[in-house]
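Below is one structure, written out as structure tokens, with a few remarks after it.
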Amino acid sequence: MAISFPTPRRLGYRFNLVGIVSAFVVLAWALIAIFAAWLTPYGPGEVVDFDYFGPISSQFWLGSDYLGRDILSRIIIGTRYTVGISLAAVLIACFTGVVLGMTAAVIGGWFDTILSRFLDALTSIPSKLFGLVVVAGIGSSIPVLIGVLAVIYTPGAYRFARALSVNINTMEYVTVARARGERTLYLIRHEILPNITGPVLADMGLRFVFIVLLLSGLSFLGLGVQPPNSDWGSLVRENIGALSFGAPAVIMPSIAIATLTISVNLLIDNLPVKIRDRSE
Amino acid sequence: MNSQIRSLILARLGIAVITLIIVSFIVFAATEMLPGDIAQILLGQAATPEAVAGLREAMGLNDPAFLRFLRWMGGLLQGDLGKSYANNMQVADLIGGRLANTLQLAAVTALFSVPVALFLGITTAMYQGSIYDRAVNFMVIGVISVPEFMIATLAVLVFAVWLQWLPALSFANDVKSFWELLRAYAMPVITLSFVISAQMIRMTRAAVISTLGAPYVEMALLKGASRPRMVLRHALPNAVGPIVNAVALSLSYLLGGVIIVETVFNYPGIAKLMVDAVATRDLPLIQTCAMIFCLGYLILITLADIIAILSNPRLRK
């Protein structure tokens, strides 16, 4: 009788091809964001082409924009804003949401009811509209953008973490820990959190995509990252005039957004089952 | 309708009203945060301090914020939407025609996309796992993962630049014939339809597939029913509730989509009005538009919940 060894495949840690490819794309964008300053062929604000909306050439790999600046360099620098702001916002949103969600599930009672009701009210404002109103009120800057995006996506993270924690909360080992006299903080950190980490990380990836989309949308409306800096959404806005003759200046930033969001989505969809559905 | 359903629906409506109050408070607070003195901004740099103080008094800006909030809410309820800061016109007059335009766009989009999305959602569930299903799914994921403005720019590239069937970014104000009207509407409607159909297809497919797992569907399979019969006769009637719920929820994506689409295509609707108001920081206009959007959104999601309650057979005794 053959002995079966616990290989990653048998343990449910199998990672398929689509997952690996999308993980590489995500990793590539992360590296570009980190090393942006060393990767740009030209300065992002430098006018280098005499022609505006120039085509793809050996000199300008992705063409030039409405002022004759190099699109490739601007996209590379834009990665910092798009990825950086979204990452900061998603970390804040998920940290707040998950901590509140776990606390609400463990404590329960009126704390849970009031918090849930309030955060539900927050979700019944369309996200784009909320961003629009707040940014119109306070004015757009990078900390404001991060804060607004984090506030918009906290209720979702809260709801998700709370739903998972409520299930864990009914387990025997939590009851045992309670009977031992452990405090709320211990329950959250040592009993609940380890059991919801996988799904929460997967949810964080999906939320990251929503944030990238919303940030790009706001920037496209002129409310996101302000000139002279620009993220991918503002690059599309700046060069929208090139749309009627289909210049690369308006297409390439859109493709950058699409590659990032689609590969994060595919990565999450193809994550090893063990990581994604740990709670089951 | 029994008392249990009635009390559930009343509770849901009560929550909707409370939510609306919280939402209006948030909208008011967000626009309150504007730095600088509104009276000063209105009168310009050359105004004397006395004039500014007088205007502040006249506008009631010296009152506490909560009192102004109540006054603003009271005005809204009586149909007094205030005056625009930018051109001193009544907000109600500015909004009237624009709102009709946006509703028209939304209605045309809904009429066009709901049947298509339902058809695709149900048929993909019917042939789950086939090449057809996977192709539709791939497109749906593609549409969901990109921003709305990208779908709009793609639509322009395909239909206006490469195929040259439709006019590009301009929305013709002087529409003379029905054909021109159709051409002018085509691009915004196509873009919006893509955005909301993707959500609708996904949710409809999920709703049908979840009823396909039920024992009575398996029974139909064992009796030898064909796949279409199994889905259409046995599964679908029980999935109607979740599907209608999904349609109402997807329609709420119209609100987000419409903001981008009206901006891209220069469509004279209420979202374009609001984006322009943001540029000029015209607060009464922004507040009113925001409240209209939130109200629409709230109505749609409340409707979705009420349909879900009504369609739950366990509550129907």
Side-chain angles (χ1 to χ4, degrees), chain A residues 117-118 120-140 144 148 151 206 209-210 212-223 232-233 236-237 239-247 250-251 253-255 257-266 269, chain B residues 15-16 18-23 25-27 29-35 141-142 144-154 156-157 160-162 168-169 252-260 263-264 271 274-275 277-283 286-287 289-290 293-294 296-298 301-302:
Chain A
R117 192 54 66 234
F118 177 73
D120 274 353
L122 215 53
T123 46
S124 41
I125 304 180
S127 55
K128 208 161 279 142
L129 186 93
F130 190 84
L132 212 69
V133 171
V134 174
V135 171
I138 329 180
S140 185
V144 168
V148 170
V151 168
L206 297 181
V209 172
F210 291 137
V212 170
L213 294 182
L214 181 58
L215 174 67
S216 308
L218 283 178
S219 287
F220 178 77
L221 292 173
L223 294 163
W232 296 340
V236 177
R237 175 189 168 80
N239 298 308
I240 195 78
L243 189 57
S244 47
F245 42 95
V250 65
I251 303 171
S254 309
I255 292 180
I257 299 172
T259 53
L260 178 66
T261 51
I262 291 178
S263 44
V264 173
N265 264 343
L266 287 177
D269 271 0
Chain B
I15 290 173
I18 294 172
T19 311
L20 189 63
I21 293 172
I22 298 179
V23 164
F25 195 75
I26 294 174
V27 167
T31 45
E32 256 324 277
M33 283 186 280
L34 180 82
I141 291 194
I144 289 179
S145 343
V146 300
E148 291 99 342
F149 66 79
M150 187 169 163
I151 295 166
T153 48
L154 274 181
V156 171
L157 276 179
V161 180
W162 292 335
L169 295 177
S252 70
Y253 282 87
L254 265 177
L255 295 163
V258 103
I259 296 179
I260 299 284
T263 315
V264 175
M274 185 171 157
V275 173
V278 167
T280 55
R281 295 202 153 178
D282 192 345
L283 289 185
I286 298 174
Q287 282 172 338
C289 293
F293 269 95
C294 289
Y297 191 70
L298 205 57
I301 54 178
T302 308

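Computed over heavy atoms, backbone and side chain alike; hydrogens, waters and symmetry mates excluded.
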Only pairs of heavy atoms separated by less than 4.5 Å count here; which of B:Val146, B:Ile21, B:Ile18 has the most with chain A?
B:Val146

If you count heavy-atom pairs within less than 4.5 Å of chain A, which of B:Ile15, B:Ile144, B:Leu298, B:Ile301 leads?
B:Ile15

Counting distance only, does the side-chain N/O of A:Thr261 pair as donor-acceptor with the main-chain N or O of B:Ser145 below 3.5 Å?
yes

Minimum heavy-atom distance between A:Ala258 and B:Met150, given as atom pair plus value
CB-CE, 3.7 Å

Taking every heavy atom of B:Gly142 against every heavy atom of A:Ile262, the minimum-distance pair comes out as CA-CD1, 4.4 Å

Considering only heavy atoms, which portion of A:Phe210 lies under 4.5 Å from any heavy atom of chain B: side chain, backbone, both, or neither?
neither

When the 4.5 angstrom heavy-atom criterion is applied to A:Leu260 and chain B, the contacting part is neither

Top residue by heavy-atom pair count (under 4.5 Å) with chain B, among A:Ser127, A:Pro253, A:Gly233, A:Gly217?
A:Gly217

Quick one: of B:Tyr253, B:Phe149, B:Phe293, who has the most non-hydrogen atom pairs under 4.5 Å with chain A?
B:Phe149

Taking A:Leu132, A:Val209, A:Leu122 one by one, which has the highest count of heavy-atom pairs under 4.5 Å against chain B?
A:Leu132

Heavy-atom pairs under 4.5 Å with chain A: which of B:Leu154, B:Ile260, B:Thr263, B:Ile141 has the most?
B:Ile260

Given that the side chain runs from C-beta out, which part of A:Thr123 has a heavy atom under 4.5 Å from chain B: side chain, backbone, both or neither?
backbone

Would you say that B:Thr153 contacts A:Ile240 through its side chain, given a criterion of any heavy-atom pair below 4.5 Å between the two side chains?
yes

Taking all heavy atoms of B:Pro147 and all of A:Ile257, pick out the closest pair and write down the distance.
CD-CG2, 3.6 Å

Mind checking whether A:Leu129 and B:Met274 have side chains closer than 4.5 Å, heavy atoms only?
yes

